[in-house]
Visitor: 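The following block contains the structure, expressed as structure tokens.
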Amino acid sequence: MEACLFCKIIAGEIPSKREYEDEQCVAFHDIHPKERVHLLVVPRKHIPTIADITDTDSPLIGHLTYVAKELAAKLNSPGYKLQWNVGKEGGQEVFHIHLHLMGK
Ligand code: AMP
């Protein structure tokens, strides 16, 4: 976890363009945006992949979705994709779960 990029961003040790934060999560702009709006909604809790979540994480996962929807509205995105990349074979590069919000 010491070496986790997103833990370091959450801790403020690595800079990011932060759009939102609360007690459960942080949302910042993707460094290589694929759409006009491309945010990563990241829980403060370090969980490597969606394959590692348990039932107790269900409220947290729901909260991340809610935050993404609120941010899409705040940034005036009329339509967007919410995406989890799961595991190396699923295109995941950073092993700290994050919800991609990608919108026009
Ligand atoms: P994934 O492939 O789902 O693991 O997505 C990781 C995302 O993190 C990619 O879209 C990267 O562009 C993004 N990323 C990597 N490093 C940074 C960083 N320092 N700040 C913001 N986004 C980053």
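In each ligand, atom 1 is the first atom listed, and ligand 1 is the first ligand listed. Along the sequence shown, residues are numbered consecutively beginning with 1.
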Visitor: Could you check whether His100 and His98 have their ring centres less than 6.0 Å apart?
Guide: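 When the ring centroids of His98 and His100 are compared, they turn out to be within the sub-6.0 Å range.
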Visitor: Identify the two heavy atoms, one from Gln92 and one from Pro48, that lie closest to each other, and give their separation to 0.1 Å.
Guide: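 Reported closest heavy-atom pair: NE2-O, 2.9 Å.
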Visitor: Just by modelled atom types, is the Lys104 backbone N or O under 3.5 Å from a matching donor or acceptor in the Arg36 side chain?
Guide: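 It does hold such a pair.
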Visitor: Report each N/O pair between ligand 1 and the protein that falls under 3.5 Å, naming both atoms.
Guide:
from: ligand 1; atom 1: 2 (O); to: Gly91; atom 2: O; distance (Å): 2.9
from: ligand 1; atom 1: 2 (O); to: Glu93; atom 2: N; distance (Å): 3.3
from: ligand 1; atom 1: 3 (O); to: Asn85; atom 2: ND2; distance (Å): 2.9
from: ligand 1; atom 1: 3 (O); to: His98; atom 2: NE2; distance (Å): 2.8
from: ligand 1; atom 1: 3 (O); to: His100; atom 2: NE2; distance (Å): 2.8
from: ligand 1; atom 1: 4 (O); to: Glu93; atom 2: N; distance (Å): 2.7
from: ligand 1; atom 1: 4 (O); to: Val94; atom 2: N; distance (Å): 2.9
from: ligand 1; atom 1: 4 (O); to: His98; atom 2: NE2; distance (Å): 3.0
from: ligand 1; atom 1: 5 (O); to: His98; atom 2: NE2; distance (Å): 3.0
from: ligand 1; atom 1: 5 (O); to: His100; atom 2: NE2; distance (Å): 3.3
from: ligand 1; atom 1: 10 (O); to: Asp30; atom 2: OD1; distance (Å): 3.3
from: ligand 1; atom 1: 10 (O); to: Asp30; atom 2: OD2; distance (Å): 2.5
from: ligand 1; atom 1: 12 (O); to: Asp30; atom 2: OD1; distance (Å): 2.5
from: ligand 1; atom 1: 22 (N); to: Ile31; atom 2: N; distance (Å): 3.1

Visitor: Indicate the atoms forming the closest heavy-atom contact of Ile47 with Ile53, along with that distance.
Guide: CG2-CG2, 4.1 Å
Visitor: For Ile10, does its backbone N or O pair with a side-chain atom of Arg18 as donor and acceptor, under 3.5 Å?
Guide: yes
Visitor: Sequence neighbours left out, what passes salt bridge (charged side-chain N to carboxylate O under 4.0 Å, His left out) with Lys45? Give chain and number order.
Guide: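 Checked Lys45 against salt bridge (charged side-chain N to carboxylate O under 4.0 Å, His left out); matches are Asp57.
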